[in-house]
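Reminder, nothing fancy here: chain letters follow the sequence lines and each chain counts from 1.
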There are 2 protein chains.
Amino acid sequence: MINLDQVSKVYDMGAVKVRAVDHLSLRIEPGESVAVLGPSGSGKSTLMNLIGCLDTPTDGAYFLDNEPVQNLNRAQLAGIRNKKIGFVFQNFNLLAYATALENVELPMIYARVAGSERKRRATEILEIVGLGARVAHRPAELSGGERQRVALARALSNDPEIILADEPTGNLDSKSGAEIVKLFGRLHQEGKTLIIVTHDERIASNCKRVIHLLDGRIDSDTLNGNS
Amino acid sequence: MINLDQVSKVYDMGAVKVRAVDHLSLRIEPGESVAVLGPSGSGKSTLMNLIGCLDTPTDGAYFLDNEPVQNLNRAQLAGIRNKKIGFVFQNFNLLAYATALENVELPMIYARVAGSERKRRATEILEIVGLGARVAHRPAELSGGERQRVALARALSNDPEIILADEPTGNLDSKSGAEIVKLFGRLHQEGKTLIIVTHDERIASNCKRVIHLLDGRIDSDTLNGNS
Ligand SMILES: Nc1ncnc2c1ncn2[C@@H]1O[C@H](COP(=O)(O)OP(=O)(O)OP(=O)(O)O)[C@@H](O)[C@H]1O
Ligand SMILES: Nc1ncnc2c1ncn2[C@@H]1O[C@H](COP(=O)(O)OP(=O)(O)OP(=O)(O)O)[C@@H](O)[C@H]1O
Ligand SMILES: [Mg+2]
Ligand SMILES: [Mg+2]
């Protein structure tokens, strides 16, 4: 359960302050599928970084499964992230010197999964996202959409309860994108909590709840009529 | 005028070779607006890098304005790129330590434009793409879609004849994306040659010609009925 209470994030640039998230309150229950939409610069990635425990709010409180997150130290936050949360970054954030397979194995290394099981599972997930023939490529040897799918595969490698995906299909053609929409559908049926930032109508229409951000605040939060 | 004759690009990875562009021939006249579509991994970015003189083909010939490109050395290629071609990279390729303004000024520095004119023009282009309030931000202090628009502004800074844009709207919401579609329309009216890789229907439907790539080859090349 995700519970944000009057959370703000202010970037202090000296001469100017940017209030990227502005006194935002939000509650997401386990197993919900939520699309987050909004103009470029409206605070979506900043909000995702707060929910994903990658950044701490300037103000306000954040409870994850009833535990106040801001009282945790960096090591505890990393432990929670590694166990509970899979994060697909908008800029992929892959290790440049590691292959696709090694990138997907990384969260499992932190979780002390044995080598052979890691390789088996990483290969399986890369095949699910359509990259079975690219497991030995490093990021520079992959296309944009292929890197994006490696980032998604890595987020799923520890089978997390909560999946935060920041624009997971921006670089994908309609067929590859449709495969990812299907994958999210399966994850939702398995009871995962999905929070997906997207500009892609197909993703938004397959989520049960749609939140629109505007200037760091929630502009609308509605249940999806057509899903 | 862009004239590719039986061009191939093969990535030799030792154990396996990836033929990303496969004996492709393509002719684009000055002032055309061309959308390039195709599945993730079909060779679009590789093709753009060849057209943009950022990479040389493994095989085949490339004539740009009737000049054979492969006989040019790196310095000559860089000169042609800086003068004739504006390139919007799929991964933006911004200088991390420079502000948005300095990133847009960079091509003008190579072209020896005077400082005050550079700053005036860079500010103007950033305002056109909606980033007037973010000129002093460095890439890490910008959202994904804002970085994407800085990359587009930089590609336009030397007023190039040919604009190659690799997925210029993947990170933009519908309103910001519509602004970019309008901008491309204006550039087309000014007589620029536009080649845009996209998965975005709005961009594709506003181009006069639509090319579909599949496995490194041209699968279809049609004039757009509805533009
Ligand atoms: N340096 C490289 N070494 C080996 N293979 C590469 C290299 N760069 C690209 N490839 C492979 O070549 C193929 C074409 O890549 P390219 O980036 O041109 O595709 P794309 O059509 O732009 O895809 P996307 O829509 O996902 O951006 C891909 O399958 C990719 O894995
Ligand atoms: N480190 C930072 N320092 C200063 N300003 C920042 C920083 N990071 C983000 N911003 C600003 O905060 C605002 C919100 O950024 P954020 O990345 O959350 O937007 P977004 O909704 O994800 O946009 P997009 O759809 O373009 O990815 C933006 O206007 C951006 O310029
Ligand atoms: Mg973002
Ligand atoms: Mg590409």
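If you check the side chains of N171(A) and E167(B), you find no donor sitting under 3.5 Å from an acceptor.
Looking at S40(A), both its backbone and its side chain come within 4.5 Å of chain B, counting heavy atoms on both sides. Residue contact with chain B, scored on non-hydrogen atoms closer than 4.5 Å, is absent for S45(A). Proximity to chain B (any heavy atom under 4.5 Å) is restricted, for E141(A), to the side chain, taken from C-beta onward. Neither the backbone nor the side chain of E201(B) comes within less than 4.5 Å of any heavy atom of chain A. Neither the backbone nor the side chain of V197(B) comes within contact range of chain A; no heavy atoms are under 4.5 Å apart.
For the pair R134(A) and V18(B), the tightest heavy-atom approach, listed with the atom from each and the gap, is NH2-CG1, 3.8 Å.
Counted within 6.0 Å of OH on Y11(B), heavy atoms from surrounding residues, nucleotides or ligands total more than 12; the atom is thus considered enclosed.
The CG atom of D173(A) sits 9.5 Å away from atom NE2 of H212(B), with the distance rounded to the nearest 0.5 Å. Here H199(A) contributes atom NE2 and T169(B) contributes atom OG1; the two are 9.5 Å apart, rounded to the nearest 0.5 Å.
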